[in-house]
Amino acid sequence: MGFNLQNLEAALKAGRKYTYLPFSLHFFESVSSTNQTLWNLLNQGAISGTVVIATVQSAGRGQWGREWISPVGGLYVSVAISFDQKIEATDSYQLTFATAWGIASQLRQRGINVGIKWPNDLVLNGRKLGGILTETKVNKGQITQAVIGVGINWTNPVPETGINLESWQALQDVRPISCLEMLTSTVLLGIESGMECLFQEGVSILLSRYLDLLTNMGDRVYVNNLSGTVVGVTPQGNLRVDLETHDTKELITPEIYIQPGTISLGYHKSSV
């Protein structure tokens, strides 16, 4: 069963509220990674809004250099974004947060209760449904271009901590996402609405929406043998944790910031 670009174009046209990104769609059966393929296209003159979709990635990339296993049946898509407005290199996580919130909220509008696991995972029933990898090109401390890669489990096999959307839908009364093209459209519209929120409404509104869907709020974490509680996220992407420390007689809760990649929060069943 091939991927039908016309079906995707029709779904995008029907669902668009914004025209923030002029989507230009490129489909490949197999690539090393959709992000790398898109950077190659950008180097050849492709513009903001260019999209690469693939059935399989032979060398998919995850966060912090990890391999992203990408078998047939998953959605692998990358979107290029150029910036008219200045965005600091240190704020690159805002692009990931915008993407995560945008995709999660689009899926929730269809009745799929997706949450976000800090910093860049989409979760369903406490399991990983997908992930996001943002890569940027920086000039003089400003991001000039970004490629946002998204992988979503559709019908592909997943590990114990994962879930694919079709197996979840099989247990529901309705099937909100009928095909891979519809899922792709939902993801692209999510990325677009997330960027629209970040650049039109600002980071504080985006962060509050991201936190509304963050499954880690209130989680207990342990940092250097001290117990703490997750209370939020900073605009730079760090996790805000209130630590509990006893100073002779009283309980003090200093707030610390934890950078992405320094602790793992694991998966847990959530009621989100």
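If you read the sequence from its start, that first residue is 1, and numbering goes on from there. No hydrogens, no waters, no symmetry mates; every other heavy atom, side chains included, goes into these values.
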For Q172, look at atom CD and say whether over 12 heavy atoms of other residues, nucleotides or ligands are found less than 6.0 Å away.
-> yes
Looking at K128 and N153, what are the two nearest heavy atoms and their distance?
-> O-ND2, 3.3 Å
Using a distance-only test with no angle check, is there a side-chain donor-acceptor pair under 3.5 angstrom linking Q6 and E9?
-> no
Parallel, tilted or perpendicular: which fits the ring planes of F83 and F199, with parallel below 30° and perpendicular above 60°?
-> tilted
Note: Q36 and S32 closest approach over all heavy atoms is CB-OG, 4.2 Å
M195 side chain near L95 side chain, heavy-atom distance below 4.5 Å = yes
pair I87-T136: side-chain heavy atoms closer than 4.5 Å | no
Ignoring hydrogens and geometry, is there a side-chain-to-backbone donor-acceptor pair from N164 to S167 under 3.5 Å?
-> yes
Residues S92 and T134: closest non-hydrogen pair is O-CG2, 4.4 Å
Reported CD1-to-CG distance for the pair I256 and N238, which is rounded to 0.5 angstrom = 10.5 Å
Quick one: NZ on K117 to CG on L214, what's the gap to the nearest 0.5 Å?
-> 10.0 Å
Under 3.5 Å, is there a donor-acceptor pair between the side chain of E181 and the main chain of N4?
-> yes
Might you confirm whether atom CD of Q259 has over 12 heavy atoms from other residues, nucleotides or ligands at distances under 6.0 Å?
-> no
Working to the nearest 0.5 Å, report the span between CD1 of I47 and CG of L41.
-> 11.5 Å
Taking the side chain from T55 and the backbone from V72, do they hold a donor-acceptor pair closer than 3.5 Å?
-> no
Indicate yes or no: at least one non-hydrogen side-chain atom of L75 is less than 4.5 angstrom from one of V150.
-> no
Identify the two heavy atoms, one from Q106 and one from S193, that lie closest to each other, and give their separation to 0.1 Å.
-> NE2-OG, 3.9 Å
S78 and N35: side-chain donor and acceptor closer than 3.5 Å?
-> yes
Applying the side chain to side chain contact (heavy atoms under 4.5 Å, CB included) test to T34, which of L38, V31, T37 qualifies?
-> V31
Closest contact, heavy atoms only, I205 versus C197 = CG2-SG, 4.2 Å
Y210 and ring pair (Phe, Tyr, Trp, His ring centres under 6.0 Å): which partner among F97, W101, W118?
-> F97
Close side-chain approach of V233 and L239, heavy atoms under 4.5 Å | yes
Judged by modelled atom types alone, do Q44 and N40 share a side-chain donor-acceptor pair under 3.5 Å?
-> no
Compare every heavy atom of I143 with every heavy atom of A89, then report the nearest pair and how far apart it is.
-> CA-CG1, 3.7 Å
Do T234 and R240 come close enough that some side-chain heavy atom pair is under 4.5 Å?
-> yes
Answer yes or no: is there a donor N or O on one side and an acceptor on the other, between the side chain of T161 and the main chain of R127, under 3.5 Å?
-> no
Distance-only, no hydrogens or angles: does the N224 side chain make a donor-acceptor pair with backbone N or O of L226 under 3.5 Å?
-> no
Donor + acceptor pair across side chains of S227, R220 (<3.5 Å) = yes
What distance separates L129 CG from D121 CG, expressed to the nearest 0.5 Å?
-> 10.0 Å
Distance col, row I177:CD1 vs R110:CZ, nearest 0.5 angstrom, shows 5.0 Å
Any side-chain heavy atom of I81 within less than 4.5 Å of one from Q145?
-> no
